[in-house]
Protein chains: 2
Amino acid sequence: MNAGADKFPSESNLNERLAHSGLRLTPQRQQVHEVLREKMDHPTADQVFMRAKSKMPEISMATVYNCLDALVQCGMVRQVTLDRGATRYCPNMQDHSHFYCDECGSVYDILQTITPEDSDIKLPRGFRLKNIETNLHGLCPDCASKAK
Amino acid sequence: MNAGADKFPSESNLNERLAHSGLRLTPQRQQVHEVLREKMDHPTADQVFMRAKSKMPEISMATVYNCLDALVQCGMVRQVTLDRGATRYCPNMQDHSHFYCDECGSVYDILQTITPEDSDIKLPRGFRLKNIETNLHGLCPDCASKAK
DNA sequence: ACCCATATTTAGAATAATTCTAAATCTTGA
DNA sequence: TCAAGATTTAGAATTATTCTAAATATGGGT
Ligand SMILES: [Mn+2]
Ligand SMILES: [Mn+2]
Ligand SMILES: [Zn+2]
Ligand SMILES: [Zn+2]
């Protein structure tokens, strides 16, 4: 029983996490999660839709949005908003920050980040801090060399 | 000559900065800048449009976007993208970060931030870092007390 | 002051991104 | 087996942003 489970080491985890947020594990949520993990980049909802559709042709755009929201809500995916234009989704739940190239719009994971602790940020009374998002802006290697 | 210049201490600066980026000072750019500074909040382009329109009824939405882009480009306004939905604009050019309430969507300036220096972030070869954007996520005092 | 080249503004259309709606389908637990 | 509730679906609707092409404004050189 449970054959192939080790092919997708994160799947049991996915179920647990969804359940923890009162959400069910569905084939669509699994699929969306899977296409995100297959290619660890930062696709838009539309790109996720196209990838998921190629494996599950009946899936709809609304469902992709629903699934992405569910996965974000239960902490399996991060939502990344770096500019005007479509929101991106990041399946890497390690602590990391994002480098955004203001020139070409590409996004890179940077495996360093600032945690609520080592930032000595003091918030006014009453605020409850959940997490810190750090976005690095600048030029990617390609654009930097072209800019010269 | 130059009567009233001290009423708008930032205006000469605005002209200089626009010029520095090869942009002209126009009544519309002045107006957009002014409505942003009058109320130091984080309005969407649409809200800026409505405020500017009340003082300059002929201004168009396309112009508001153009002006906001010009002001961002020359460093007089910051673009703030915190979630899906409309981009916000911040006229406070002091170093600061943004607190975003994930519950109600309100935005607060937090007068502390992480600079490229005091972050010991090391980027892979070739990246050129321009600035670090820090977004604090959590609950605002109102929502935190309701959540209890 | 007049002219030109260029920058900017404008309304509206077009596109892109996201949300909503209501009906169909699935799941779970009595 | 049944009912309640969750989820998915297609498509319409809404919202946000960008594009287009024509009109207007501006600044520099005469
Ligand atoms: Mn990432
Ligand atoms: Mn601000
Ligand atoms: Zn680049
Ligand atoms: Zn709130």
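By convention in this document, chain letters (A, B, ...) are assigned in the order of the sequence lines, proteins followed by strands, and residues within each chain are numbered from 1. Predicted model, so just to flag it, every value in this text is computed and none were measured.
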Assign each of A:Tyr65 and B:Pro57 to its nearest nucleotide of DNA chain C by heavy atoms, then name whichever residue's nucleotide is nearer the 5' end.
->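 With A:Tyr65 and B:Pro57 compared, the 5'-side residue is B:Pro57.
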
Non-hydrogen atoms of A:Cys74 and A:Arg17 that approach each other most closely =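 Residues A:Cys74 and A:Arg17, closest heavy atoms: O-NH1, 3.2 Å.
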
Taking the minimum atom-to-atom distance to the side chain of [X], which one of [options] wins?
X: B:Gln28; options: D:dT18, D:dT7, C:dT10; answer: C:dT10
X: A:Ala62; options: C:dA11, C:dT9, D:dA10; answer: D:dA10
X: B:Cys67; options: D:dT9, C:dT9, C:dT19; answer: C:dT9
X: B:Arg29; options: C:dT18, C:dT8, C:dT10; answer: C:dT8

Expressed as a whole number of angstroms, how long is the span from [X]:[atom1] to [N]:[atom2]?
X: A:Asp69; N: C:dT19; atom1: CG; atom2: P; answer: 7 Å
X: A:Met56; N: D:dA10; atom1: CE; atom2: P; answer: 12 Å
X: A:Lys53; N: D:dA10; atom1: NZ; atom2: C1'; answer: 10 Å
X: A:Asp83; N: C:dA16; atom1: CG; atom2: P; answer: 16 Å
X: B:Ile59; N: C:dG12; atom1: CD1; atom2: C1'; answer: 17 Å
X: A:Leu18; N: C:dT28; atom1: CG; atom2: P; answer: 13 Å
X: B:Glu58; N: D:dA23; atom1: CD; atom2: P; answer: 19 Å
X: B:Leu68; N: C:dT9; atom1: CG; atom2: C1'; answer: 14 Å

Could you label the plane-to-plane angle of the A:His42 and A:His96 rings as parallel, tilted or perpendicular, counting under 30° as parallel and over 60° as perpendicular?
->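 Tilted, since the angle between the ring planes falls between 30° and 60°.
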
Kindly say if [X] contacts the phosphate of [N], meaning a side-chain N or O under 4.0 Å from OP1 or OP2.
X: A:Ser60; N: D:dT8; answer: no
X: A:Arg24; N: C:dC26; answer: no
X: B:Thr87; N: D:dT17; answer: yes
X: B:Arg84; N: C:dA17; answer: no
X: B:Thr26; N: C:dA7; answer: no

Want to settle it: does A:Gly22 or B:Met61 sit nearer the 5' end of DNA chain D, counting the closest nucleotide to each?
->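 With A:Gly22 and B:Met61 compared, the 5'-side residue is A:Gly22.
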
Does the distance from a Lys or Arg side-chain N to an Asp or Glu carboxylate O, for A:Glu103 and B:Arg128, drop under 4.0 Å?
->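 No, A:Glu103 and B:Arg128 are not salt-bridged.
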
Indicate yes or no: does A:Asp109 engage A:Arg78 in a salt bridge with an N to O separation below 4.0 Å.
->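 No, A:Asp109 and A:Arg78 are not salt-bridged.
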
Name the nucleic acid region contacted by B:Asp46, choosing base, sugar-phosphate or nothing; use a 4.0 angstrom heavy-atom cut-off, strictly under.
->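 Since no nucleic acid heavy atom lies under 4.0 Å of B:Asp46, the category is nothing.
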
Member of A:Thr81, A:Thr87, A:Asp69 meeting the side chain to side chain donor-acceptor pair (under 3.5 Å) criterion with B:Arg84 |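 Only match with B:Arg84 under side chain to side chain donor-acceptor pair (under 3.5 Å): A:Asp69.
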
